[in-house]
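Just so we're on the same page: letters track the sequence lines, and every chain starts at 1. Fair warning: this is a prediction, and the values are worked out from it, not measured in the lab.
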Amino acid sequence: MPKLTVAIPTYDRKDYLEEAVRSTLAQSYGDFELLVVLDNPARQDIVDHLEMLGDKRLKILVNSRTIGLFPNFNRCVDLATGDYLYIMHDDDLMEPDNLARKVEFLDAFPRAAFVHSAYSLIDGSGRITQSGIHLADPFDTIIPGDVFIRKSFLTLNTVCCPSVMMRRDAAQRAGLWDVSIEWTADWEYWLRLAAQGDVGYLAASLFRYRVHETNESRKFDAPSRAIAAYINCKRSAFSKLCSSTAGLGELLGVAHALHGREALEHGLNSLASGDRAEAGACARLAVALLPEARVLLEANGLAGMLVEPGPDLASLGLGSNPLETAISAAPQRDLSMPVLVWVGDDESHAVATVERLELQSVPPTAVYLAGPGAPGLSHLQSQLVRITSSEDRVWSMLHACLETGAKDFAFLDAGALPGADWLAGVKAAFGSPEVGVVWGPVTETSIPARERIRSIEGSAQDKVASGSFALRRTVVEAACRTTDLGGAGAFLKAAASCGLKSILLPQAAVAWQGGVASASNDPLGLGPLVVCAPDWQGQAWTEVVKAFLTSDLGSRKPLLVLLSPASETGGNGARVVAALRTAGIDAESCPDIMLQSVSNEPGELKAWALRAQQVLTTGSELEAKLVGAQAMPPKKTLDTRDQLNWLARYVPLEAILNESGRNSLLEVGSGHRGAGCVVASAFVGIDIAFSQAPIAPMVGIAYDGNRLPFKSAAFHTVLSMDALEHVPPDKRSAFIRELLRASADRVILGFPADSEGRKGDRYMQELFRRLSLGQPDWLFEHDEHGLPESLQVEGLFDSIPEWQWRELPTPGSLACLLISFADILPGADQWVKEAIRDDAEGFRRWLGAASFGPRSRRVYLLERREPLAPSIDLDDRTTLVSALICPTCHGDFQATREQALECTACRARFCNDERQVLVLKSMAQVSPDVTFLLEPDWLGSTAWVGAIHNFLTAFEGNDPCRLWLRVNPALLTLDEAVSLLQPILAEFGERPIPEVYLSNDETEALPAGPIVTLPSSTDELRDWSPTTYIHVFRDRLFERRAA
Amino acid sequence: MIVDLPRRSETPEGKVQRLFRNKRILDDVQVTQARISLNRERVRRPDIWSDPEPLITVRICTYNRPQLLVERAVASVLRQTYQNFEVLVIGDHASPETAQALSRVTDPRVRYVNLPERARYPNFPRFFWQTAGAYPALAAHELATGEWMAFLDDDDEYTSDHLEALLAHARLWRLEMVYAKVKLIDPPADYDFVGSEPLTVGCIASGSVMFSRRLFCVRPDPHGWVNDLPGDWLLWSKMQKIGARIGFLDRFVTLHYPEHTMVDDEDQADILDRTPTSDEIISDLEHVGGLHMLDLA
């Protein structure tokens, strides 16, 4: 059997055919059969004529009846027997090496599905008119099939049909030529064939393409007349390809956008050349493929092009209903998911929706119609649309769609709200609470049409380039644009029952100022976070709080966030406590209420809401607060909400911390979580500041960083992990001695150290840089103070005779680095935490085994040679009070009736702050309540940026000062001022920053206390840099405190 | 009064890290400022496309290349099919030959402004290449009177319908910034044109750009070298960031000639690729007077 089949489908071109056959038989390569398939039984003369050539490789077959051009191509494929197949046109000629080169190529590249080549043009008499014609890049290449397909979407057909030698088994897998595609069947076929393997190209001109009066393709060289029809052909070719070939569905949107744009351009050209009919056809096609085309045409006064009514336009019902507006305004990416349409009473909306969706530039992967009205729409059944009234079927559809890899879906509602059960079912079907909800009607945004086209194309091309079409982004966001309270409540219920993690209703929250009562009617149906802005006047709002607290909320206990004007947060906090007390509820036992300082001024409220929304979608700060607000049960399992590097820090100490002295543990520099990762019983955490409320079982105390406010030997164990490096070098010795003083029995001290620690820091810095993330503060602080040297610290230990020490095993640099990566790389921690949740014991063992190689962190255990008895037992909290000492005068404390501590010597009083942290800072430091005043040159020179940045650097959240920024309302709105502050604030991440106020009212009274006006003009700042200025001030302030 | 504060000890690497961070913050603030300004301008004058014959400023920054400037660059502007323009030639403290050569051009629409002193550019070769010309560019933003501005290099040439084509495209698509292709004369073997969609670094040549006065709020950055990106690209990328309406005209409108530049003269292609040390960056920072960027602690 020959290796190659050359087939020439022909009809009646006797003369050219003979030349074609001769050029084939004269090839330098000989191992082939040549089939001439004559689709014209009446021309026996052709058969006779060819048989005179007398070559036994030549076989002539005659169809019993004429079947047409592409069917005859298919017959050639059927009849071929060689491994390779070459379909030669009956009017073209081969160069002598054509077959040899291509057979050689397919032999060399077994993954290639086909190879094509450059060519020359000849005229009717065989004279070469042009040679070296490349439709592809002019090099010998082999590219993967999917790359070929994606390139083809963005360029023209790059394959000259009669230059192709294909692998026959690939052709069989690809299927037959699609005879229903009028003009571009060959293009569509090459794309399908490319899906079977790689595509080769030879840059030599290996055959001659004849251009003459009777070319079949002549009618494809669409002159200006029929371009609309031509593009429509291309469109349907791509539609077929995309829907029939796995993995290409997402490309359909790209194709639509490109063809729409092509149609628009040709339409404009036709208009310019005066062909109005063709221009109209092109414009209508463009609008159907690319909705933005309409906007463009209208913007340029060319809407008249669309006037001629076409059948497809009439059914579009453009702009006729709010749902459709919602669809056209929804971000395009949201529509590349499956879309569910709930069909209520008004079926016509659903009809318009489906038709419009099918024509979206990025159409949904499927449209599901469900609901009572759905069966009436059975005439809409198409490739894209599935219809059911049976709810069971809806779920099975959803499962089917999930199997295709789609994780998101958009829900568009035609006006009738489906019941909560229905949405809960959706959630169950997805097996995930992370369901995106697009809630219509969304207000139309006036994005300029051109930009929208660009962004669509951009995102579509990105998708193509990345080769990844699965939308893995999960949306946990509910946007409700209604000010109607009833609607908001219904929405809340529906969303909560489908398990959305958090709900934020900025507009509704504002609307609730007067109508808080409706939130209290049915708190059960609300999500885990309820935001409410009470008016704080009268007593009405307390009813909400009471209703909230007295409801039987079960396991879905939400967090009530009460918005309070910043200036009155203290007073309002007291009011909440008082309200609770009158309701007979102990405020301490009620962690479900959070008071959020924010002004009632709509601009600021909005800014807060936006930020909170941002936080919600990235799931960090607020969620953490939410978690923190819930009582933490004693646990044996690892809590996967903790950062992984915390676990790496504390898990190796788990045994030693839980082994003895259980109720007498102090952690210095704990942050809000600290050893709570691994310790279930109560312990005291002390730190300079707490960015969040301490999480139970920690009892939080804030101090000034110098002397620990405890009597000597108060705790059995004192722990300090990764705090020493934040202490300035000259204070480190004192810091360690304080740890020893407070401990009765043992001290555990861990810190990153030495060159290995610095190496780790450098890796981290580089990592943050490459990820374009801001470098966190702790890294800056490492730089600022330098890491401790372990030899020096050990020298200090040796110099203290009462204590003996040894080093504890700790995970090595490699493990720490890997764990940090998992924390930092977006999304990575979820995978790791899942693994940890599944096998916490395995993770512990892994950490234990990881103590090999160099280590960036040193952990020491120090033990008193003669242990003392600790005075604190946290089971009896009074022992804690009696072990505290006044930070100002070192006197003893007594508890007062107002839940405060009073020093028996100097009468200074201390109490918990709003985060339930006992603030034990020297009273001498709390007095100067300074306001820095600055009026930035908001839209001019950026010299003021330094002033604000340095203020935020110099002071911390608890420092007694604030920055008061003036905004001239004639120049700038508060929103704009906030947007200008964003880049500066972003650097500080979650670090607590001192108060910053924006004021656009010059008559507004400044807070009491000294006022320091910061220079705002550029010239002043040149001489007196803001760094210098604020740092000098800071130093003076702190010096005075120290004294 | 200058208070001399004992600054914390900082390694050169730490200082450079801080510089990069500060530059990012300042850039972000400036982009936000520009976004606000652009929105103001859009409200103030919603329609910039209806004016039948808006004045276009053609900006040419030059440094001691008088003959090519006059005979090639300026000449190609003067023979435009669209004639309502001004040619704004800014000398980067160029020698008197430039003024002499331009004085022979009698067309009143040609303006020449020479900077009184040579600007200080970074010494590190790549940084120099990225920044050179930033100060005349900044001056041109102040001096231009046109409703639109187009850029031309002093050794390049417009096609005769350059202004007409770009303006028409901007009007058709209601664009605020339009760019097209530049044809390379005597090009490297692998490409003939610069300019393509989508707008990314390396895919746009400034000689093909025209933009509206609306976008004058985005200003050339003499310290763009800190970002290690070419100065003109920073301009376009900022326009992109603030949401300017940008469009591409798929044809060439400018010819680019391979004249020798100061960087070529040094013949140090490998030096252009080298990574500067922290000390070199600090030294350039001091040299160009950019220490204010370290003000952010």
Side-chain angles (χ1 to χ4, degrees), chain A residues 265 268 296 299-300 447-451 453-454 457-458 461-462 762 765 769 772 774-775 779-780 783-786 938-940 942-950 952-954 971-973 976-977 979-984 986-987 1018 1021-1032 1035, chain B residues 1-11 13-15 17-18 20-37 39-40 42 47 49 169-176 178 190 197-200 217 240 243-248 250 289 291-297:
Chain A
E265 282 179 9
L268 292 173
L296 279 170
N300 290 285
I447 308 169
R450 175 69 174 167
E451 280 180 21
I453 291 188
R454 294 186 60 86
E457 286 175 0
Q461 282 172 5
D462 283 349
R762 277 201 306 280
Q765 283 166 345
R769 195 182 64 73
S772 305
Q775 194 172 325
L779 261 182
F780 280 121
D783 271 355
E784 183 172 353
H785 297 311
W938 290 103
L939 294 177
T942 50
W944 53 271
V945 174
I948 297 177
H949 174 92
N950 290 330
L952 297 172
T953 314
L971 293 177
L972 206 68
T973 67
E976 288 167 341
S979 71
L980 284 166
L981 291 178
Q982 286 300 343
I984 310 172
E987 286 300 313
T1018 318
L1021 286 174
R1022 282 255 158 82
D1023 290 346
W1024 208 4
S1025 91
T1027 324
T1028 315
Y1029 190 85
I1030 292 184
H1031 278 271
V1032 164
D1035 289 351
Chain B
M1 180 179 114
I2 295 178
V3 180
D4 192 19
L5 183 76
R7 295 292 297 270
R8 63 186 185 194
S9 59
E10 192 174 35
T11 60
E13 288 73 28
K15 206 170 198 173
Q17 285 290 321
R18 199 156 61 83
F20 290 163
R21 183 203 60 175
N22 292 356
K23 182 71 166 65
R24 195 181 67 232
I25 297 174
L26 292 169
D27 281 351
D28 287 351
V29 172
Q30 276 168 0
V31 163
T32 312
Q33 287 179 325
R35 187 180 290 128
I36 292 171
S37 303
N39 287 338
R40 296 276 149 80
R42 282 176 176 167
D47 184 2
W49 301 279
H169 197 67
R171 279 177 172 153
L172 176 62
W173 297 91
R174 298 177 95 74
L175 303 172
E176 291 158 339
V178 54
D190 47 345
E197 280 188 296
L199 179 55
T200 44
C217 56
Q240 206 173 23
R245 296 180 203 165
I246 297 175
F248 174 63
D250 195 0
L291 284 173
H292 65 271
M293 283 186 283
L294 285 171
D295 275 351
L296 278 63

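Between B:Val29 and A:Leu981 the shortest side-chain heavy-atom distance does not fall below 4.5 Å. Between A:Leu939 and B:Cys217, the closest side-chain pair of non-hydrogen atoms is not below 4.5 Å.
To the nearest 0.5 angstrom, A:Thr942 atom OG1 is 11.5 Å from B:Asp28 atom CG. Atom CD1 of B:Ile25 is separated from atom NE2 of A:His949 by 5.0 Å, given to the nearest 0.5 angstrom.
Residue B:Gln33 comes nearest to A:Trp938 through the heavy atom pair NE2-O, 2.5 Å, listed as atom of the first residue, atom of the second, then distance.
Contact count versus chain A (heavy atoms, under 4.5 Å) is highest, among B:Arg40, B:Gln17, B:Arg35, B:Glu13, for B:Arg40.
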Item to check | Evaluation steps, side chain to side chain contact (heavy atoms under 4.5 Å, CB included), between B:Thr32 and A:Gln982 | outcome: CA-CA 9 Å; B:Thr32 312; A:Gln982 286 300 343; over 6 Å; no

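In this structure, no portion of A:Leu952 lies under 4.5 Å from any heavy atom of chain B.
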